[in-house]
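Notes to accompany the following structure.
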There are 2 protein chains.
Amino acid sequence: MDYNYKDILSALKHEGYKLTPQRRAVIQALHSTYNHMTPLEIFEKVSIRSRNISLVTIYRTLDALEKAGFICRLNLETGRSGYLLRRPRSHHHHLVCSICGVVVNIGNCELEELEKRVSEHTGFKIISHTFDISGICPECQNGKIKTSGVKI
Amino acid sequence: MDYNYKDILSALKHEGYKLTPQRRAVIQALHSTYNHMTPLEIFEKVSIRSRNISLVTIYRTLDALEKAGFICRLNLETGRSGYLLRRPRSHHHHLVCSICGVVVNIGNCELEELEKRVSEHTGFKIISHTFDISGICPECQNGKIKTSGVKI
DNA sequence: TAATAAATGAAAATTATTTTCATCTATCGT
DNA sequence: ACGATAGATGAAAATAATTTTCATTTATTA
Ligand SMILES: [Zn+2]
Ligand SMILES: [Zn+2]
Ligand SMILES: [Zn+2]
Ligand SMILES: [Zn+2]
């Protein structure tokens, strides 16, 4: 089952966060797309509608949302961070288009078995794993590039 | 089959790079450990033996080594980069100790099959994948912490 | 040994992110 | 609705990683 805009607002409030217009705007921006966005991109997107937010607040809001588990952070190849709304509640991974930045969630992670074998073989106590796939989405394969800049 | 110090020197030379003392020192530092290191850590390590290198040169040497395929770059959780000598020539992944930073190479990547299924399911043309595991190595589980700072 | 393309280092520039601190405001109890 | 207050915001400065610039040095090759 997926999170949605209302879920996030009420859960945030429940966790003691205030529902400011700035936070609503950031959540709304994340909710409006399946693309990942950097803090700066979110700032630009939000600033189109209201000049009423600063980049610092974007950073702080993303921190809060990440701590509360409502967004996924991508470690971009550039060394920067990309964020997107966390839609599946359960453990999952990301398939990211290198051209337009769209993200498809990959569920049914089958890596626990591999983890177990690695653990037995090395003696490591496993904490976590990361797994990301990059590729070209069908639309970009057809040349229908939707965004201007090259992502990732 | 694994790369070693001499392989790298001669291959670098073959690719047109000059073998400067600074480059030798960086390669030597990477070769001397199975831990990953940040550029700054490499700088500090190399600087103990000779005051004859600057941090900029570390960055430039790491760029060259990465382009030439002789080192692996880890996207650390902190958003910084960690580097280590690339020992297996073939496609592989990394199991990293969160405490001491030691890295174990995981060969026999079995993710191509998963990639194929994802591709069929989403229509994406797959370019690449990343897969990293973090955990606690046997020595750190026993409290034998070798390095001072917490890595990753 | 001389020529030269490449490499180096110091310093400045760039960029992402975080911190500081004074001001503002969402929320809650009255 | 009103006032108190903890928490949130924004401007500006601070931090930190990385890259660029440019004058000087050096590994390589003939
Ligand atoms: Zn996700
Ligand atoms: Zn997984
Ligand atoms: Zn490796
Ligand atoms: Zn793989």
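All values below come from the heavy atoms of this structure, side chains included, with hydrogens, waters and symmetry mates left out. Here is how names work: the chains are called A, B, and so on, in the same order as the sequence lines, proteins then strands, and each is numbered from 1.
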Give the minimum heavy-atom separation between Arg87(B) and Leu30(B), together with the two atoms involved. NH2-O, 3.5 Å
Exercise answer: donor-acceptor pairs, residues 100-110 of chain A side-chain atoms, under 3.5 Å, sequence neighbours excluded:
residue, atom, partner, partner atom, Å
Glu110(A), OE1, Arg117(B), NH2, 3.0
Glu110(A), OE2, Arg117(B), NH2, 2.7

Within a reach of under 6.0 Å around NE2 of His91(B), are more than 12 heavy atoms found that belong to other residues, nucleotides or ligands? yes
What residues from residues 51-70 of chain A pass a heavy-atom cutoff of under 4.0 Å to DNA chain C? Val56(A), Tyr59(A), Arg60(A)
Separation of atom CG in Leu76(A) from atom C1' in dT18(D), rounded to whole Å: 16 Å
Report yes or no: does His36(A) contribute a side-chain atom to a donor-acceptor pair with the main-chain N or O of Gly82(A) at less than 3.5 Å? no
Could you tell me if the side chain of Leu85(A) sits less than 4.5 Å from the side chain of Asn4(A), heavy atoms only? no
Co-membership, hydrophobic cluster, residues Leu9(B) and Ile71(B), 4.5 Å side-chain: yes
Counting any heavy atom closer than 4.0 Å, what does Leu19(A) reach on the DNA or RNA strands: base, sugar-phosphate only, or nothing? sugar-phosphate
Minimum heavy-atom separation for Asp7(A) and Ser10(A), please, with both atom names. O-OG, 3.2 Å
Donor-acceptor pairs under 3.5 Å, side chain of residues 11-28 of chain A to any protein atom, not counting sequence neighbours: which ones?
residue, atom, partner, partner atom, Å
Thr20(A), OG1, Arg23(A), N, 3.1
Arg23(A), NH1, Lys18(A), O, 2.9

With a 3.5 Å distance limit and no angle check, can you tell me whether Arg86(A) reaches the backbone of Pro88(A) through a side-chain donor-acceptor pair? yes
Assuming nearest nucleotide by heavy-atom distance, tell me which of Gln22(B) and Gln22(A) is located more 5' along DNA chain D. Gln22(A)
Nucleotide interval of DNA chain C bounded by contacts with chain B (heavy-atom cut-off, under 4.0 Å): dA5(C) to dG9(C)
Dump every N/O contact between nucleotides 4-7 of chain D and the protein below 3.5 Å, one line per pair.
residue, atom, partner, partner atom, Å
dA6(D), N3, Lys18(A), NZ, 3.1

Using whole Å, what does the distance between atom C1' of nucleotide dA16(D) and atom CD of Glu44(B) come to? 14 Å
Measure the distance from CZ on Arg80(A) to C1' on dA16(D) and round it to the nearest whole Å. 12 Å
Distance-minimising heavy-atom pair for Phe124(B) and Ser119(B): O-OG, 2.8 Å
Donor-acceptor pairs are to be reported for all side-chain atoms of residues 57-66 of chain A against protein atoms at under 3.5 Å, with residues two or more places apart or in another chain.
residue, atom, partner, partner atom, Å
Thr61(A), OG1, Thr57(A), O, 2.8
Glu66(A), OE2, Arg73(A), NE, 3.3

